Amino acid sequence: MVALDTGSDLFWLPCQWRLHAAATAASGSTTLYLPGMSSTSKAVPCSSSFCDLQKECSTASQCPYKMVYVSAGTSSSGFLVEDVLHLSTENAHPQILKAQIILGCGETQTGSFLDAAAPNGLFGLGINEVSVPSILAQKGLTSNSFSMCFGRDGIGRISFGDQGSSDQEDTPLDINQQHPTYAITINGVTIGNNPTDLDFIAIFDTGTSFTYLADPAYSYITQSFHAQVQANRHAADSRIPFEFCYDLSSGEAKIPTPDIMLRTASGSLFPVIDPGQVISIQEHEYVYCLAIVKSMKLNIIGQNFMTGLRVVFDWERKILGWKKFNCK
């Protein structure tokens with residue numbers, strides 16, 4: 001069970017490079033990848049174009065890696081490996097496709113990776129050449145695009161090479177040449193029946209569970225949302241990361257809330273199907289929260305804003321696409 005992360009590039013798995021065949025392949029709830037037990041595994045040498053840490057290589061050594069993430073003190077480090085990823089085609093007669101990819105043999109994880117985040121690894125889906133979508137495109141196996149579908153029940157799918165459909169909405173990616181990400185320009189926001197012009201750039205990051213917005217977007221959206229909610233606001237609670245939460249009465253699963261729509265640079269509207277999160281305060285006591293966290297700088301559209309949609313990350317055409325979808 002790996003975390004799917006469009007905000008980073010490398011695919012890595014918890015791994016023990018030096019375990020022998022007789023050793024266990026599991027440690028607690030973590031499943032280990034054992035390169036020594038894979039007949040198709042090969043070490044990536046320091047001379048490889050995929051090796052970013054060549055300065056840290058010892059003589060004739062395999063290439064080391066270290067990925068540091070935004071969450072405080074969270075990282076993965078180890079060595080790069082080449083191995084085979086098995087994929088299935090999506091048609092009436094599925095075929096197995098074998099793709100040689102680069103992945104990290106993650107010998108050391110720190111921070112939130114020790115606390116149930118990405119328990120069996122992280123699947124980086126970013127734009128750098130080491131990401132799996134980039135490698136599949138480089139090998140001519142798929143277009144440089146993929147879609148992710150997020151069901152309300154947490155179940156979804158990822159389809160490599162998917163460029164969406166002619167009836168989807170889309171908008172151009174806003175490309176920062178120094179740090180390219182899946183970012184778009186948002187020109188306006190509508191909360192319920194209240195549209196307003198708001199200009200900001202937002203990164204679509206599936207590796208972030210909730211949405212982070214800086215002012216003025218954060219204040220406008222949360223205050224306008226609150227003004228249209230007819231429910232009792234829950235008192236500030238240090239255990240909850242969200243500012244706007246509402247008490248749920250017994251048997252209530254949610255409360256009536258205004259629709260949230262983001263107007264993109266193309267003029268297409270991105271619908272937020274369910275921006276909330278139900279949180280248990282204590283036994284038989286629940287609150288419904290607008291799952292947006294105040295950010296100091298970055299605007300990040302997290303996975304919760306993508307629920308109920310098939311989102312297309314199309315680097316080949318430099319667009320982000322979306323469509324309401326049953327993600328089974």
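In this chain, residues are counted from 1 in sequence order. All values below come from the heavy atoms of this structure, side chains included, with hydrogens, waters and symmetry mates left out. Please read these numbers as outputs of a predicted model, since none were measured by experiment.
The CE atom of Met306 sits 12.0 Å away from atom SG of Cys327, with the distance rounded to the nearest 0.5 Å. Remark: Ile127 CD1 to Ser131 OG distance equals 8.0 Å, nearest 0.5 Å. Interatomic distance, OG1 of Thr190 versus CG of Leu269, reported as 6.5 Å (0.5 Å rounding). Rounding to the nearest 0.5 angstrom, the gap separating the NE2 atom in His226 from the OG1 atom in Thr257 is 14.0 Å. If you take CD on Gln277 and CD1 on Ile292, they are separated by 12.5 Å, rounding to the nearest 0.5 Å. Distance check: Ser266 OG to Asn187 CG gives 9.0 Å after rounding to the nearest 0.5 Å.
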Note to self: Could you go through Tyr33 and Gln16, starting from their C-alpha distance and side-chain angles, then the distance that decides it, and tell me whether this counts as side chain to side chain donor-acceptor pair (under 3.5 Å)?
What the structure shows: CA-CA 7 Å; Tyr33 165 64; Gln16 288 196 16; over 6 Å; no
Checklist line | Derivation and outcome, salt bridge (Lys or Arg N to Asp or Glu O under 4.0 Å), residues Arg317 and Asp170 | finding: CA-CA 11 Å; Arg317 294 188 294 165; Asp170 56 50; 5.7 Å; no
Next item on the list: List the steps, then state whether side-chain contact (heavy atoms from CB on, under 4.5 Å) holds for Val44 with Ile102.
Entry: CA-CA 8 Å; Val44 172; Ile102 303 294; 3.8 Å; yes
Next item on the list: Please assess Gln223 against Tyr220 for the test side-chain contact (heavy atoms from CB on, under 4.5 Å), listing each intermediate value before the final yes or no.
Entry: CA-CA 5 Å; Gln223 297 286 356; Tyr220 176 79; over 6 Å; no
Check: When you look at Thr181 and Leu173, which way does the side-chain contact (heavy atoms from CB on, under 4.5 Å) test go after all the steps?
Finding: CA-CA 8 Å; Thr181 58; Leu173 291 171; over 6 Å; no
Next item on the list: Could you walk me through whether Asp197 and Arg263 pass side-chain contact (heavy atoms from CB on, under 4.5 Å), step by step?
Entry: CA-CA 9 Å; Asp197 292 336; Arg263 189 178 76 242; 2.9 Å; yes
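Side-chain contact between Asn232 and His234 is absent, with no heavy-atom pair separated by less than 4.5 Å. At least one side-chain heavy atom of Val311 sits less than 4.5 Å from a side-chain heavy atom of Leu320. Taking 4.5 Å as the limit, every side-chain heavy atom of Arg157 sits out of range of all side-chain heavy atoms of Arg310. A 4.5 Å side-chain heavy-atom check between Asp83 and Leu103 finds at least one atom pair inside the cut-off. A heavy-atom distance below 4.5 Å is found between the side chains of Ile273 and Lys324. Within the 4.5 Å cutoff, side-chain heavy atoms of Thr6 are placed close to those of Met148. For the pair Val229/Phe244, no side-chain contact is recorded, criterion being any heavy-atom separation below 4.5 Å from C-beta on. Using a 4.5 Å heavy-atom threshold, the side chains of Ile300 and Thr211 count as separate.
Here the closest non-hydrogen pair linking Ile135 and Glu129 is CG1-O, 3.5 Å. Closest approach of Cys51 and Pro45 over heavy atoms only: CB-O, 4.1 Å. Between Pro180 and Ile175, the shortest heavy-atom contact is CB-CG2, 4.5 Å. Between Leu198 and Pro216 the shortest heavy-atom distance is CD2-CG, 3.9 Å. When all heavy atoms of Cys289 and Phe242 are compared, the closest pair comes out as CB-CD1, 3.7 Å. Of all heavy-atom pairs between Cys105 and Pro35, the closest is SG-CG, 4.1 Å.
With a 6.0 Å radius and a threshold of 12 heavy atoms from other residues, nucleotides or ligands, Lys318 has its NZ atom above the threshold. Atom NE2 of His284 sits in a sparse spot, with 12 or fewer heavy atoms from other residues, nucleotides or ligands closer than 6.0 Å. Counting non-hydrogen atoms of neighbouring residues, nucleotides and ligands closer than 6.0 angstrom, the CG atom of Asp259 reaches no more than 12 such neighbours. The 12-atom threshold is exceeded at CG of Asn91, counting heavy atoms of other residues, nucleotides or ligands nearer than 6.0 Å.
Aromatic ring pairs are classed by plane angle as parallel below 30°, tilted from 30° to 60° and perpendicular above 60°; the pair Tyr182 and Phe146 is perpendicular.
The list of salt bridge (charged side-chain N to carboxylate O under 4.0 Å, His left out) pairs with a residue in residues 287-306, not counting sequence neighbours, reads Asp215-Lys294.
By the criterion of side-chain heavy atoms lying less than 4.5 angstrom apart, applied directly or through intervening Ile, Leu, Val, Met, Phe, Trp or Tyr residues, Met261 is not grouped with Phe225; the two fall into different hydrophobic clusters. Grouping the Ile, Leu, Val, Met, Phe, Trp and Tyr side chains by contacts below 4.5 angstrom, directly or via other members, places Leu298 apart from Ile221. Val312 and Phe160 sit in two unconnected hydrophobic clusters of ILVMFWY residues. Membership requires side-chain heavy atoms under 4.5 Å apart, directly or through other members. Phe313 and Val2 end up in the same hydrophobic cluster when Ile, Leu, Val, Met, Phe, Trp and Tyr side chains are linked at under 4.5 Å. Follow the hydrophobic side-chain contacts under 4.5 Å out from Ile186 and you never reach Ile203; the two are in separate clusters.
Remark: the backbone N or O of Ala265 is not paired with any side-chain donor or acceptor of Thr185 at under 3.5 angstrom. Within the 3.5 Å criterion, the main-chain N or O of Ser268 finds a donor-acceptor partner in the side chain of Thr264. Between the side chain of Ser134 and the backbone N or O of Asn128, at least one donor-acceptor pair lies under 3.5 Å. For Ser76 (side chain) and Met67 (main-chain N/O), no donor-acceptor pair under 3.5 Å exists by modelled atom type. Formation of a donor-acceptor pair under 3.5 Å by the Trp12 side chain with backbone atoms of Leu80 is not found in this model. Not a single donor-acceptor pair under 3.5 Å links the side chain of Asp205 to the backbone N or O of Asp5. Between the side chain of Thr110 and the main chain of Ser75, a donor-acceptor pair closer than 3.5 Å is present. A donor-acceptor distance shorter than 3.5 angstrom exists from the side chain of Asn304 to the backbone of Ala291, with no hydrogens or angles considered. Not a single donor-acceptor pair under 3.5 Å links the side chain of Ser159 to the backbone N or O of Asp162. Side chain of Asn299 to backbone of Ala214: a donor-acceptor contact under 3.5 angstrom is found.
Sulfur atoms SG of Cys63 and Cys46 are positioned 2.5 Å or more apart.
A ring-centre distance under 6.0 Å is found for Phe270 and Phe204. Under the 6.0 Å cut-off for aromatic ring centres, Phe325 and Phe150 do not qualify, their centroids lying 6.0 Å or more apart.
Asp247 and Tyr288 are not linked by any side-chain donor-acceptor pair at a separation below 3.5 angstrom, with hydrogens and angles left out of the test. Using a 3.5 Å distance cut-off with no hydrogens or angles, the side chains of Thr208 and Gln303 do not pair a donor with an acceptor.
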